[in-house]
Amino acid sequence: MAYPFQAIESRWQRFWEEHQTFRTPTRPAGPKCYVLDMFPYPSGAGLHVGHPEGYTATDILCRYLRMKGISVLHPMGWDAFGLPAERYAMQTNIHPRITTEKNIETFRRQIRMLGLSYDWSREVNTTDPGYYRWTQWIFLKMYGSWYDPREDRARPIESLVDELEKLGSAGIPGADPLTAPEWSSCGRKKRHDFLAKYRLAYMTEIPVNWCEALGTVLANEEVAEWTGKGYTVERRPMRQWMMRITAYAERLLRDAGGLNWPSSTLEQQRNWIGRSEGAEIDFPLDGRDEVLRVFTTCPDTIFGATFMVMAPEHPLVDLLTAPGQRAEVDEYRSRARLKSEVERGIDSDKTGVFTGGWVVNPATSEKIPVWIADYVLMGYGTGAIMAVPAHDERDYAFALKFHLPIVEVVSGGDVSRAAFTGNGTAVNSSNAGVSLDGLSTPEAKKRVVAWLKESRHGCPAVQYKLRDWLFARQRYWGEPIPIVHLEDGTMEPVPETELPLLLPDLKKFQPSGTTESPLALATEWVTVVDRKTGLLGRRETNTMPQWAGSCWYYLRYIDPENSDAFCDPDLERRWMPVDLYVGGAEHAVLHLMYARFWHKVLFDLGCVSTPEPFMKLRHQGTILGEDSRKMSKSRGNVVNPDDVVNQYGADAVRLFEMFMGPLEEMKPWSTRNVEGVWRFLNRCWRLFVDETGRPDTRIADGPADPALEREFHATVKKVGEDIEALRFNTAISQLMIFVNAVMQQEERPRRLLEPFVKLLSPFAPHLAEELWSTLGHESTITYEPWPEFDAAMLQASTVEVVVQVNGKVRSRLSVAVDAPDAELEARARADEAVRKHIDGKNVLKAIVVKNKLVNLVVQ
RNA sequence: GCCAAAGUGGCGGAAUUGGUAGACGCGCUGGACUCAAAAUCCAGUGUCCGUUGAGGACGUGAGGGUUCGAGUCCCUCCUUUGGUACCA
């Protein structure tokens, strides 16, 4: 008879809820552990079998830690703003709030059905005004801050205003010159515009990916997804909100070194930030005062720079274009504008046109032509390059196509055949001021940078691939950005006391028809009069991108009801940082980078106490369909957790998902194997309960068989160690080994079975609670102390030692533990099976490894 | 192209620092129980040769190397997955 999992599981889920078993104390008593799951977007499709994988892993760890006496914070919530609910609303006119609420209910029911030990009193929902009030509050903090490069941290914008008032801009690196009196005489608009260049949240005109049919801009990483579905995306310049994440590039890179994260994830973040060292060099325009500034990582090749290439959008293009080239240049620029960066990359065939302009190469003093081409991107470096065709593949291809000169300045390759990009020896590289000839590439770099600096042609520079974060979507279903645009062209933040700025109710959710979000149609909401200035204003109609709410949710869990602060500072210090964060690898870059960025800003402003939010990170692997292909509706290989729980129970699903293989690996679903672990649970049940459902009479109080006792201690050790290392598959295997061993016994010693139930409880909590109560206990097993193992008990009195001859196993000996080497060798030599292989031969050497093996090397 | 991770029986996967390859589970084979089946229990199960019992050879993607000894370390290559893609 199968064990009655349905009755057991519903009984204990009710018990946990009624007794608030997993309620976390506000303040941790003793050591704490914050174990966080990436919260899901509650889609209409319900839970996927991929979700329980990570959730079960963290749940097992949390249940284990509770039994070790640690205060555990383990919450769950909903990342519920987003496009799918809004698109559904466009089609059905059902308000996204209603759809979202319904989806959350499904998700909550499914997650509860798995017996996960969340503290539900801390549930958060990013679409709840009580939550997004603080998302808006943090946005205003970003808007109200600037990055001070001298202190390498964010500071309130008031500190900048203060400095400008007293000292002007002289002390601020890179600032436009402005004296204190000049600042004081500036009007409201001028001050506003000056400060806008420093704020961490700012508006600027940039080319974005606009999708007319969706009525919104798309992030670069979203473009492929939608064009794949047949939507068209065009490039157009729009005024957009941005976050100055680039100010944090160096710190995001540096601090990543101290994180216990998967190396591949750290590597991806490093690549994304894309730090490169080189130099900025100014090329004077021929016959003018202006210079064309370039960034290069190979300043040592400057003598080989035979032409220049600017991005088509470069601001100096107009100035450089000769009248005769105007038509061709304009035509090329307008064509380039329509291409997205992705499209530009796709066909790597080089295109470009000559501007008719010339600059002077400061190293060779020669006039070289300036071209525009779309392989140079405005968004990176200075938007212009010195082209060194002999030593750069892209420039080489361009030079071949347009018949531009190729001059070798680093020997080591054959530049008549291909660009040589490796290190070599500098040649053809000298002028009156400097000679690089004969220097190795690294030495030449140092020498030329020193010369550039001294001759004021350039300076060392560092560039990052990382770009500022496009922080606005033309959508309804997102956090409203709490900013008012006033009639004088300035902006005012919505006062903190007026937060949350609520999303107005709309009747229709269609795109506004302009480039604004549907919020533009809520005229009453949009139009305001600014109290401070009396000016007429219009609310910002863009909303925040979906990443916003997930940038700080881990902080809200700590103090979810607080209406005075996003989180009480004392509680924040007690619970942060997150000790373990588990979620999908698809968030390796964006979510994890954005959250780190926000956290660092909050750290700089004194709102949080740690520079990093997530100390240890692990990704759960993808679960494939039974056919080892990605699960998808079209392939018909999607497994629904509801069905599996109905058939085998939540404990079996949990156990199976952990037994499949290593947490981080991709692995296929197998219903047969679900049945396998389900059989194991049945065996556990029958260990305690006989056919009539009563406690098994073979459970005895006497002493246990010594071999079983030893196996038990080995199990306690292995299961504990494996849980801590998140190796759940091998922990379960050890539990199976122990159960198999007990099954062999006539008597079942209570003194081992009781603690065994504890070992089982993190994995199969419902069954464990039931068995615990069968054994006569009245309260939950949740906070029972985790069993201890006795290291002395692990030692058997004899061990098996392998005898090898020339590395091949020939015999096995049973010997006393720690038998001396000499004895092992003597017994090995005397062994009959071994003698067959050594008799008549010369034993050159004997290698003895205590308690393991003897290897006889013979000739 | 570049970067990262990974390739072990029929299948999912074990193997702490180089030291018994294949734990545990699935599947399969045989047996017990049963009128029969299911469930359960017991035994076996890497491949090949040999076979009455032994015993032996081979074996962790391929090929080399280091070592008394390599799934594990080094080199070259192949395959798969993930990321990235004119970033100067």
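In the text below, chain A, chain B and the rest are named by the order of the sequence lines, each starting its count at 1.
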Could you give me the CA-CA distance, side-chain angles and deciding distance for A:D821 and A:K850, then say whether salt bridge (charged side-chain N to carboxylate O under 4.0 Å, His left out) is met?
CA-CA 7 Å; A:D821 290 3; A:K850 204 178 274 293; 3.8 Å; yes
What integer number of Å spans the [atom1] atoms of [N] and [M]?
N: B:A32; M: B:C24; atom1: P; answer: 25 Å
N: B:U52; M: B:G13; atom1: C1'; answer: 38 Å
N: B:U34; M: B:U20; atom1: C1'; answer: 42 Å

Just N and O in the side chain of [X]: are any of them under 4.0 Å from OP1 or OP2 of [N]?
X: A:S276; N: B:A88; value: yes
X: A:N682; N: B:U40; value: no
X: A:K667; N: B:C26; value: no
X: A:R679; N: B:G27; value: yes
X: A:R810; N: B:A57; value: yes
X: A:H837; N: B:G56; value: yes
X: A:Q744; N: B:C42; value: yes
X: A:R727; N: B:A14; value: no
X: A:N271; N: B:A85; value: no

Counterpart base for [N], defined by Watson-Crick or G-U wobble contacts under 3.5 Å:
N: B:G10; answer: B:C26
N: B:U81; answer: B:A4
N: B:C33; answer: none

Anti or syn, where syn is a glycosidic angle within 90° of 0; which label fits B:G9?
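Base orientation relative to the sugar is syn.
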Backbone N or O of A:G676 within a donor-acceptor pair of the A:N673 side chain at under 3.5 Å?
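No, the answer is negative, given that no donor and acceptor are paired below the 3.5 Å cut-off.
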Salt-bridge criterion met for A:R827 and A:E825 (N-O under 4.0 Å):
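No, A:R827 and A:E825 are not salt-bridged.
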Whole-Å distance separating the CD1 atom of A:I623 from the P atom of B:G13
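Computing the A:I623:CD1 to B:G13:P distance gives 12 Å.
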Just the rounded figure in Å: distance from P of B:U81 to NE2 of A:H619.
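Atom NE2 in A:H619 sits about 20 Å away from atom P in B:U81.
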Looking at A:Y375, I'd like to know if the NZ or CZ of A:K350 sits under 6.0 Å from its six-membered ring centre while staying within 45 degrees of the ring's axis.
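Yes, a cation-pi geometry holds between A:K350 and A:Y375.
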Any donor-acceptor pair under 3.5 Å between the side chain of A:N855 and the base of B:C68?
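Yes, the side chain and the base share a sub-3.5 Å donor-acceptor pair.
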If you go through the side-chain atoms of A:E800, does one of them form a donor-acceptor pair with the base of B:U20 closer than 3.5 Å?
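Per atom types, the contact qualifies.
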So A:E664 and A:R618, salt bridge (charged side-chain N to carboxylate O under 4.0 Å, His left out) or not? Walk me through it.
CA-CA 7 Å; A:E664 310 212 25; A:R618 291 294 180 269; 3.4 Å; yes
